[in-house]
Structures are given as structure tokens and as C-alpha cells.
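Atoms considered below: every heavy atom in the structure, side chains included; atoms not considered: hydrogens, waters and symmetry mates. Chain identifiers are assigned alphabetically (A, B, ...) following the order of the sequence lines, protein sequences preceding nucleic acid strands; residue numbering begins at 1 within each chain.
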Amino acid sequence: MPLPVRHPHPWNVSPEEAVAIQQRLREQVIREGPMPGPGTVIVGVDVGFRGELARAAAVAVRFPDLTPLAQAVAEVPVTFPYIPGLLAFREAPAILAALERLPLSPQVLMVDGHGISHPRRMGIATHLGVYLDLPSIGCAKSKLWGRYEMPPDEPGAWSPLWDGEEMIGAVLRTQAGASPVFVSIGHRISLENAIATVMACVRGHRLPEPTRLAHLAAGGADVLAAGRQPRLL
DNA sequence: GCGACAG
DNA sequence: ATCTTGTCGC
């Protein structure tokens with residue numbers, strides 16, 4: 001069954017056209033929304049590369065217990081170079097293909113990359129959220145845009161990520177002794193609730209489970225089978 | 001000319 | 001992201 005796309009547009013475009021698409025879609029972003037309720041299906045997505053092929057993985061977990069429900073992978077040819085600020089045009093086509101194969105409808109997307117903490121407020125997490133009209137959260141491993149102070153080394157501690165006077169994200173310590181992650185609004189969720197959701201998805205690793213499992217799945221792991229032997233993950 | 005620069 | 005073994009530290 002095809003994914004319902006709310007704001008369709010081509011992905012195979014030039015970098016100039018990509019920027020124009022971002023400028024158009026940024027008007028649609030909703031920066032508020034609730035915490036996922038019990039039973040919500042959260043889907044983590046990530047992409048790995050093997051030569052000229054992009055392999056995307058989508059892993060669905062149930063919130064808040066984080067039981068893995070389903071996983072799907074898809075490989076598509078790479079058609080766009082890596083350009084900071086235009087990551088969605090390189091990775092989203094593969095992610096969408098993986099989501100098509102997932103036997104469950106995502107209710108919240110957790111993306112390995114930024115949301116509105118982006119020069120045009122249109123990181124891949126935001127782009128996917130608006131494109132699919134789904135609540136989405138960006139959880140990146142490093143900064144793309146903005147200034148911040150390092151948060152204390154305590155789980156749950158965070159400091160704002162600023163672009164001038166505008167708070168565009170949070171630098172969040174998910175685990176003591178590990179470098180922080182960069183959490184931002186993707187779409188249809190508040191920053192406060194995005195931070196709380198990420199923390200509620202942490203299980204002893206730096207990255208929250210949806211994204212962490214998607215990363216493993218993109219590397220070829222069967223997280224559903226392994227999930228039945230929790231020590232393997 | 002010299003940094004900064006998701007994955 | 002990817003190329004890649006052992007090794008320092010808790």
C-alpha cells in the first residue's frame with residue numbers, strides 16, 4: 001500500500017531546485033505537538049552506503065516499552081551528492097522506499113539527522129515529516145547549524161542550540177561520558193516533547209533505540225530476531 | 001585566503 | 001557516510 005504523501009515533489013532535482021523546494025516547504029512546518037501516547041508506533045530511519053547504492057532501514061518500535069514491531073530495508077541507486085543542508089535529497093528516496101515496505105504505518109518518525117536546526121529550517125527530519133504529514137523528530141550526532149554551550153555530563157541535561165535569538169534545537173546528553181546528541185523539532189511536535197521522547201527512547205546507549213536499531217538494520221542486522229535476545233543488541 | 005560543513 | 005586494528009579506559 002502506497003504511503004500517503006501530503007506534499008509531493010520530485011527528488012531527482014538540481015541543488016538549486018532542491019533549495020527552492022526547501023524554501024517552499026518551510027512554510028508548512030508545525031513546531032508544536034504532543035508527546036507520543038502509550039502504544040504509539042515510532043519508526044526510526046537511517047541510511048548506509050555501499051558504493052553507489054544507498055541502503056535505508058526503517059525499524060518500528062512500540063512506545064514507551066520500545067518493543068521492536070517490524071523492520072524493512074530498501075536499496076536504491078544514489079542520485080544526489082552529499083551537500084551540507086541538502087541531505088534529504090540524497091537520503092530521503094531510500095528512506096521512503098524502506099517505509100513503503102514496512103507492514104505498519106508510522107505514527108512518529110525519528111530521523112538520524114537534523115530537523116529545523118538547519119540554515120533554512122528544513123533538515124531531513126523536517127522534510128520527511130512535512131512530506132508525509134507525520135510528527136517527526138531530528139536526532140543528529142553532530143552540529144550542522146547554530147551555537148551552543150556544552151551541557152553538563154548528566155543524562156537528561158541539555159542546553160539550547162541558537163541561531164541568533166531563535167532556539168532551533170537542544171544539545172542533549174543522553175548518556176554520561178558520551179558526547180551529546182542534537183535534538184530538534186522535525187514536524188508536529190514541540191522541542192520540549194521531542195527532547196522528552198528522545199530521552200524516553202534511550203536504553204543505555206548514546207542514540208535512542210529507534211535510530212540506533214535502524215542504524216544496525218541498515219548495516220545488515222536483523223534487529224527483530226536479535227531483539228528476542230536483548231543482549232545481542 | 002581561512003574556517004565550517006547533518007550523513 | 002566510508003576507508004580500517006588494535007588499543008586506552010572504566
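When rounded to the nearest whole Å, the span between CE of Met110(A) and P of dA6(B) equals 21 Å. Rounded to an integer number of Å, the gap from Asp46(A) CG to dG7(B) C1' is 8 Å. One can place CD1 of Ile124(A) at 13 Å from P of dA6(B), the figure rounded to the nearest angstrom. dA4(B) atom C1' lies 14 Å from atom CG of Leu161(A), rounded to whole Å. Look at CD on Glu52(A): it is 12 Å from C1' on dT2(C), rounded to the nearest Å. Spacing between atom CD1 of Ile83(A) and atom P of dA1(C) amounts to 18 Å, rounded to whole angstrom units. Note: CZ (Arg147(A)) to P (dC5(B)) measures 12 Å, nearest angstrom. If you take CG of Leu87(A) and P of dT2(C), they are 13 Å apart, rounded to a whole angstrom.
The only option from Arg147(A), Arg120(A), Lys143(A), Arg121(A) that meets the salt bridge (Lys or Arg N to Asp or Glu O under 4.0 Å) definition with Asp163(A) turns out to be Arg121(A).
Heavy atoms of Leu86(A) sit under 4.0 angstrom from at least one base atom. Within the 4.0 angstrom heavy-atom criterion, base atoms lie near Gly85(A).
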* Strand DNA chain C in bracket notation, Watson-Crick/G-U under 3.5 Å with | for pairs to another chain -> ..........
* Would you please test Tyr148(A) and Trp158(A) for ring pair (Phe, Tyr, Trp, His ring centres under 6.0 Å) and show each step? => CA-CA 10 Å; Tyr148(A) 68 96; Trp158(A) 64 276; over 10 Å; no
* Stepwise ring pair (Phe, Tyr, Trp, His ring centres under 6.0 Å) test for His7(A) and His127(A) -> CA-CA 10 Å; His7(A) 293 282; His127(A) 202 136; over 10 Å; no
* Asked: Taking it one step at a time, do Leu53(A) and Val76(A) satisfy side-chain contact (heavy atoms from CB on, under 4.5 Å)?
  -> CA-CA 6 Å; Leu53(A) 282 184; Val76(A) 307; over 6 Å; no
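In this structure, Tyr82(A) forms an aromatic stack with the base of dG7(B), since both conditions hold: centre separation below 5.5 Å and plane angle below 30°.
Considering all non-hydrogen atoms of both residues, Met110(A) and Cys201(A) come closest at CE-SG, 4.1 Å.
The side chain of Ser117(A) places no N or O atom within less than 4.0 Å of a non-bridging phosphate oxygen (OP1 or OP2) of dA6(B). Contact annotation: Lys141(A) side-chain N/O to dG7(B) OP1/OP2 distance is under 4.0 Å.
Side chain of Arg55(A) to backbone of Ala218(A): a donor-acceptor contact under 3.5 angstrom is found.
More than 12 heavy atoms of other shown residues, nucleotides or ligands fall within 6.0 angstrom of atom CD in Glu166(A). By the neighbour-count criterion of 12 heavy atoms within 6.0 Å, atom CD of Glu32(A) is sparsely surrounded, having that number or fewer from other residues, nucleotides or ligands. Heavy-atom neighbours of Arg203(A) CZ from other residues, nucleotides or ligands within 6.0 Å: above the threshold of 12.
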* To do: Indicate for each nucleotide in nucleotides 5-10 of chain C, in 5' to 3' sequence, whether protein heavy atoms under 4.0 Å reach the base (B), only the sugar-phosphate (S), or nothing (-).
  => ------
